[in-house]
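Report on the following structure.
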Amino acid sequence: ILESEGSRQSAINVAEGAKQAQILASEADKMQQINRAMGEAEAIRQTAQAEATAIERIALAIRGTDGGEQAASLHVAQQYVEAFGNIAKQANTIVVPASANDVAGMVTQAMSVFSTVTANQKRHNSIAKVVDEGHGGFGSEQINH
């Protein structure tokens, strides 16, 4: 009886040890996944913050410099032309604007897109300013009526 009780208790102890080892391994894996996810989230936050800062600095430089908008337009046009050149080098089939053989037309189109974006941004900023100043926004007295 003592021998069988000893064998039984030994088997239970081995099973409990294996169970505890699996639980600890599972918890370690869970913590590793959480830490990895948190690290990736922090990296995304820092990248987004760096991009926001860079965009803000570029916007200030464009607005604060004589000819800044024209320089930005030229840069956008250059990137537009380079992008089509790179696409043509890398792919067998590409979709291009009807005026692809007219570089001046593509530059004009790119600058037009930039001008439209700039105008929309200025309009958005002026609307935001009006709302911030309390004109056109909903005051608490208007909401309560």
Side-chain angles (χ1 to χ4, degrees), residues 6-145:
S7 294
R8 178 178 173 265
Q9 192 60 42
S10 175
I12 289 171
N13 287 344
V14 169
E16 283 290 328
K19 174 184 169 186
Q20 191 65 23
Q22 284 183 334
I23 290 170
L24 291 173
S26 172
E27 288 175 357
D29 186 47
K30 175 183 171 185
M31 288 306 299
Q32 183 181 15
Q33 289 177 4
I34 289 170
N35 288 341
R36 187 177 311 122
M38 289 174 63
E40 289 173 5
E42 182 60 27
I44 290 169
R45 271 192 293 277
Q46 288 182 6
T47 300
Q49 182 62 45
E51 287 178 5
T53 301
I55 290 169
E56 187 176 295
R57 287 181 181 171
I58 291 168
L60 289 173
I62 290 171
R63 280 190 247 127
T65 305
D66 286 338
E69 289 188 19
Q70 289 82 6
S73 295
L74 176 62
H75 185 68
V76 168
Q78 288 172 333
Q79 288 180 328
Y80 187 80
V81 171
E82 285 176 22
F84 277 109
N86 289 335
I87 290 171
K89 289 177 189 174
Q90 295 174 2
N92 292 335
T93 305
I94 59 171
V95 177
V96 294
S99 62
N101 60 347
D102 179 16
V103 175
M106 288 193 319
V107 170
T108 302
Q109 183 181 4
M111 292 176 75
S112 173
V113 168
F114 180 77
S115 296
T116 301
V117 170
T118 302
N120 286 340
Q121 183 64 36
K122 285 179 183 176
R123 186 170 38 118
H124 173 72
N125 288 343
S126 64
I127 291 170
K129 183 178 180 184
V130 168
V131 171
D132 286 345
E133 292 172 354
H135 306 311
F138 294 106
S140 59
E141 68 280 350
Q142 291 171 327
I143 293 173
N144 291 331
H145 290 330

Under 3.5 Å, which donor-acceptor pairs link side chains of residues 44-60 to any protein atom two or more places apart or in another chain?
| residue | atom | partner | partner atom | Å |
| --- | --- | --- | --- | --- |
| R45 | NE | E42 | OE1 | 3.2 |
| R45 | NH2 | E42 | OE1 | 3.1 |
| Q46 | NE2 | E42 | OE2 | 3.0 |
| T47 | OG1 | A43 | O | 2.9 |
| Q49 | NE2 | T53 | OG1 | 3.4 |
| T53 | OG1 | Q49 | O | 3.0 |

So CG of D29 and CD1 of I34: to nearest 0.5 Å the spacing works out to 10.0 Å
Evaluate whether atom CG of D66 has more than 12 neighbouring non-hydrogen atoms of other residues, nucleotides or ligands under 6.0 angstrom away.
no
Residues at least two apart in sequence or cross-chain that pass side chain to side chain contact (heavy atoms under 4.5 Å, CB included) with Q22, listed by chain then number, are none
